[in-house]
Each structure stands twice: as C-alpha cells, then as structure tokens.
Amino acid sequence: MMPRRRGSKKGLPVVETSMPMKDALRILVLEDDDNDVELIRRCLSREFPAATLMRVKTRASFETALGQRDYDLILSDNTLPGFSGSAALTLVRQRGIDCPFIFFSGTVGERPGSVNLQQDADACLSKEEIRRLPSVIAQVIERWLKKVPRADIGQTMGDAEERYRELLDSVHAIVWRGDARTFQFTYVTKEAEVLLGYPVERWLKEPDFWQNHIHPEDRETAISFCKKATEEKRSHEFEYRMIAADGRVVWLRDVVRVVLEDDRPKELFGVMINITERRRTEALLEGQKNILEMIAVGTDLTQVLDRLTRFIEARSEGMLCSILLVDEDGRRLRHGAAPGLPEAYIRSVDGLAIGPRAGSCGTAAFRGEQVIVTDTLSDPLWEEYRELARQFGLRACWSTPVFSTKGKVIGTFAIYYRDPRSPTLSDLELIERAIRIAGIAIERKQGEQALRQSEEELRQANERLQALSRRLVELQEAERRHVARELHDEIGQLLTVLKMALEIGLRPDRADAADNLKKAVALVSELTSRVRELSLDLRPGMLDDLGLLPALRWHFERYTAVTGVRIHFRYSELEGRRFRAEVETAAYRIVQEALTNVARHAGVKEATVRVQVRRERLHLHIEDRGRGFDSADGDGVHSSGLAGMRERALLLGGDLRIDSTAGSGTRLTAELPLLNAAKPERRGRIPAQSTGETGKTPGAHGSPS
C-alpha cells in the first residue's frame, strides 16, 4: 500500500511502502455481487493485466484482509448486507491506513452521495461508468502522489521512487506532466513509447513534440482548446488523434488537471487513454446505421453493396473487398460489388462456378463455411485461378458465405490483400459485421423481387381468369348457337314433317291416312333419338350417375362409332372410385375436347388415352401420332378449345401441357389435384392389380396396359 509519503527528485513523486517491489497493483475489492466483481476484473484486465484482486464480502472478512497485507487501492461497493462503503471507509481511516479508496456502486443509476467524498474517499463511480475505472484509478494515483508535502521533497528516494515509477509505467495509459505555458513535457511514462512508438527522450527533449504529432485535422482545435482551458485555470478533458511512429492513427482521450502557483497556471498533469478501439467501434456502428438506413428506404442493391465494401475497405490499409451473389440456379457466383478490384479481374470471376476447389469464394459457397487463403500462389484451392491471382497481384483472399435467415447461402463476402497474410481478430469482427449487413441487403432485394414476381403472376392469373370468363361466355354462346341450329334445322324440320303427317293421318277421307300415321310414329322415334343425342352432347347423365370411368368408356364407344378413330384406353386406380364433381367434369371435358381435336386435325385412325391416380393427383394423357404442329408457334392449328382445357385445369389448381412436333404427333398432359376428393365408392371386389383396360368393353377397342 502507500501510507507514508516521502518526497521526489527530478519532479517524480515518491512514497515509501512497506511491501517489496512488484509489477502489479494489489487491489482489495469489497463487493457481494459476483457479476460486479467479474465486471471489475474484465475492465481492469486490459489496462492492468497483472493486477491482483483480493475480494471480500462482509465486514469481518474486510477487517481480516486489512490486517493480513497492504494494498495499493481499495474498491468498495456502496451498499452491502449489514455493512456499507461509508463504514468501510471510516474503518480504514480509523486504523490509519493511508491508501486510495474508490467507491464503485453495482446498482445501475445509484451514485454514492457526496458525504463519501467528504469522508476522504478519492473517487466514486456507478456501474454504467465502468469503462472509466482504469482512467479514474490512474488519476487517483496521480492525485494521491500530488499530496506529498513540500517539506518532504528532497528526502531519500530509495525503493519507494522505483516502486511508483514502475507502478505508473504499468498503467496502460500515458501519465504525463508538462509546462503549462509551453506544453513541453517534463515527465511521461514508458507507455508513451509503447503506444505511439516514439522514444521517451523525444517527448521530453523536443519543445513542440505534442503539437507536432497531433493529427493535422485535429491539431488546431486541440491546441486551442487546451490553451484556452489552461488560461481559464480549469481542468479539462478532450479527444484527438496523434500520428504514431509507424504511421498509425491513435485516438486519445486526454484528462488534464491544471496546477496553480500564485493563482497562475504552472504545471499540467494528465493521463492519455487510448480510445482507438472505442472510436473504431463507434465509427463501425455509425457506418452500419447509415447502410441499414439505405436498405430501409429501398436503395438499389448495387449501391448498398458498393457503400458496404467501401466502408469496410476504409477500416484497414490495403484491404480490397468483394461481394458475389449466388445466381438463381445456385451453381454460380455473380458480381455484386468490388470497388477496389480491377475491372478485368471482376469480369474474370463473374460467373465463377461453385465447387470444392473453386478459389476462396466458390469453395466458401460450396462448403457453407469461411475459407481463409493466406497465400493464393501456394494454396491448392487456387490451383485453377493461380495465374489470375498472380496477374492482378492478389496474394491473400479470405471469403465468408453470406446466409439468408433460412440458412441458405445467398452470396460471399471476400477480403483481398496484395501480400500474404492471415486475418486478425479485428479483421474477423469486420467480416462478421459485413456479412450480417450484406445478408440483410441481399435478402431484402430477393424479397422485393419475389414480391414483384408474385404480383406479376397474380396479374397474369387475373388476365387468364378474365380470358377464361370471356371464353366461357363464347362457349356458352357457341353452344346455344349449336343447339339453336339443331333445333331449327333438324328438330324443327322433323316436327314440321310430323305435323303434316299427323294432319293427313287425321283426315278420314284420305286413303293414305294410315300410312301417314305410321310415318308420324317413325318420325317421333327419330325425333326422340335426336333429342337424346343432343342432350348427351351437352352433358352425359352417366357422368353424374356412375362417375368418370363409366362415362369415359361410354364416350370412347360413341366416339369410335361416329369418327372411326379407335381409342386405346389405359387406366389405374379408377375402378369404383368417385371424385369431386368439378374434377370429374374437368377430366371428362378435357378428354372430350382433346379427342375432338384429334378427329378434326390429326388424320389418324387410333389414339391413346391414359388416366391414372398418383399421389392425390389425377393424370390425363391423350396422345396421337398424327400431323402434329410446331409448339413454338403457340398452339397452332389446335388452338381451338385448348385455351378452355388449360383454364379448366388451372381453375382446379392443376396444370396442362401440350407437346407437339409437325409430322410426329401431339401429346396432351393434364394433372388435376384430388384434395378433398370424395371417398372411393367400391362396387364389388376390386382386382388386385391397379391397372384397368377397356379391351373387353364393346366398341372401346382398348388394349391391356
């Protein structure tokens, strides 16, 4: 600990200690919360990596610890069960223990009252201020050493001076002293050389060292601010950048206290804390926020990815970034963004095949995991692309797959360097940020494209529905015209002849009256037959009464009798089954219309019809080996009725396809879903085999399948 102070030489504070010299701070922590202790330990691990923490929870253990050894610093919670930080501070002072004492409250929002400071506590922090703990410790030590009485200056330095010289040097911050008028350093710790790379002698010997090594963009502001605050005799804190010996830019937070003599600024005491990592994190968060805002407002994907790659490239000297997108078939990678890479190289890798040895990016997309290639000229993954890498001077390439929220690889993010190297922890953190943002941007774009495609499909479906409605109206009108012609031309004529025959038959004075009555009876029979045929053409009652299979068999028999075209009918899983009325009607009409086209256009003597049930779908196949037509020209000569067949299938959620080649015949395939189909109706025993045939059905001219 640091109870008895002596003095200093050469401006260095000196105190006497009863403990042997050590490289680490000895800190006594009075805290009952395990999480807060771990928080303190982590916070101090970077600035004071060798610090030793002795943790106690109660008054009894605290008193025991005070009696066992000396400490360089005491950290105490403000509120503990049966004990308090104020009581602990009083106990320390009553025992005459001269040691820095800092309150640290483990409760968010709680800050120890001012009474603690009046009781000689050196500082107090709340939990949300944990990041300030290392700098506060450094300041407390500096203030503690400043309390050295002037009368003691000049006494023997001995081990105490060495102890606190090394104590200050062990702090991962630059503790310094300087002239308040010239800003020339009179003392700096060794951390100055570690952090910025300049020998301590230069800090002390060069009058304008500080001013000359501030970043040019911050120089005027930092000097003016410090000069003004010093003239106003007030302590101050400010942040600025300094240029290190190797060219690095280092962000510093400078905490400065102005020391007065005769009410005039004489000396400056300060602690420079490296905040480069904090500033880097803030810049990353700000850049990430800006890019996410671009995504949110719908900025074009190319612009978003270009901004993202430029943003990441700015984080490290010599870094070149690339984003490739997985194409629709999932086999190749397409250019997304690569502002720093040569255009010729971009063209060369656009369309890169995904595979197990396809460079860094193609392999990363194939494996679905990060691929780190530290030297492209020797790594086997770059065997096929080695000359390309040599041509453009790309020696290192680290590629990471970009995933969608569903775990699918949708792209890759790659970092190139012109010299062989491996990624640092900082590089890996950058990559992680980049792939998260890239994933959001790419998936958002894909979602928009899918939405537009769905809207287009919906528009087309609406157009098809409107076309179907028009087609149905046309078909209805055509059917009405057909029925009207039948009624007028044939039925009407028969009725006229019938009327004349009946009129003659009812005249007793006519010798041929009986013959005319017989003729009238024959006409009635013919009229009945024609009306029945007309009714069957409109809709066969068998379809409603017996189902699809009997209706098809009856239709094939009648079709062959009328057209002379023999039908080879093959089926499976139809015997004894009924389906929804709309399914049976659609299937019947599709087969009916298809065979009508065969009779009109194919010029054949036979055709094949297959009807099968597979996986809850009804499959229809109508095939002929007739004239055919060129499918590339639309539906060609077979266009009549095909639109109606296709729409019947689509309205049920099915599909219909036409395959035809001029001179080689035509094949029509339709699939109709059977969801919510009626339960099978079994009539008698169903054969074990699943295939039926119409070979024994009179007039069907079928053959076994």
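In terms of modelled atom types and a separation under 3.5 Å, the side chain of S360 and the main chain of C397 share a donor-acceptor contact. The main-chain N or O of T221 is never found under 3.5 Å from a side-chain atom of S224 such that the two would form a donor-acceptor pair. Between the side chain of D350 and the main chain of H335, a donor-acceptor pair closer than 3.5 Å is present. No donor-acceptor pair under 3.5 Å is formed between the side chain of R253 and the backbone N or O of E239. In terms of modelled atom types and a separation under 3.5 Å, the side chain of R386 and the main chain of D379 share a donor-acceptor contact. Judged purely by atom type and a 3.5 angstrom limit, T276 uses its side chain to pair as donor or acceptor with the backbone of W251. Here the side chain of D32 pairs no donor or acceptor atom with the backbone of L80 at under 3.5 angstrom. The backbone N or O of I295 lies less than 3.5 Å from no partner atom in the side chain of T299, so there is not a single donor-acceptor pair. Checked by atom type and distance alone, the side chain of R332 pairs as donor or acceptor with a backbone atom of G351 at under 3.5 Å.
Legend: residues meeting side chain to side chain donor-acceptor pair (under 3.5 Å) with R334, ordered by chain and number and at least two apart, are absent.
Shortest non-hydrogen contact noted between Y417 and E317 is CE2-O, 3.7 Å.
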Listing, residues 337-349 side-chain donor-acceptor contacts under 3.5 Å, not counting sequence neighbours, or none:
unit_1: Y345; atom_1: OH; unit_2: Y416; atom_2: OH; d: 3.0
unit_1: S348; atom_1: OG; unit_2: A344; atom_2: O; d: 2.9

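D427 and T424 share a side-chain donor-acceptor pair at under 3.5 Å. No donor-acceptor contact under 3.5 angstrom links the side chains of Q391 and E387, judged on distance only.
The pair E429-R280 meets the salt-bridge criterion, since a charged nitrogen lies less than 4.0 angstrom from a carboxylate oxygen.
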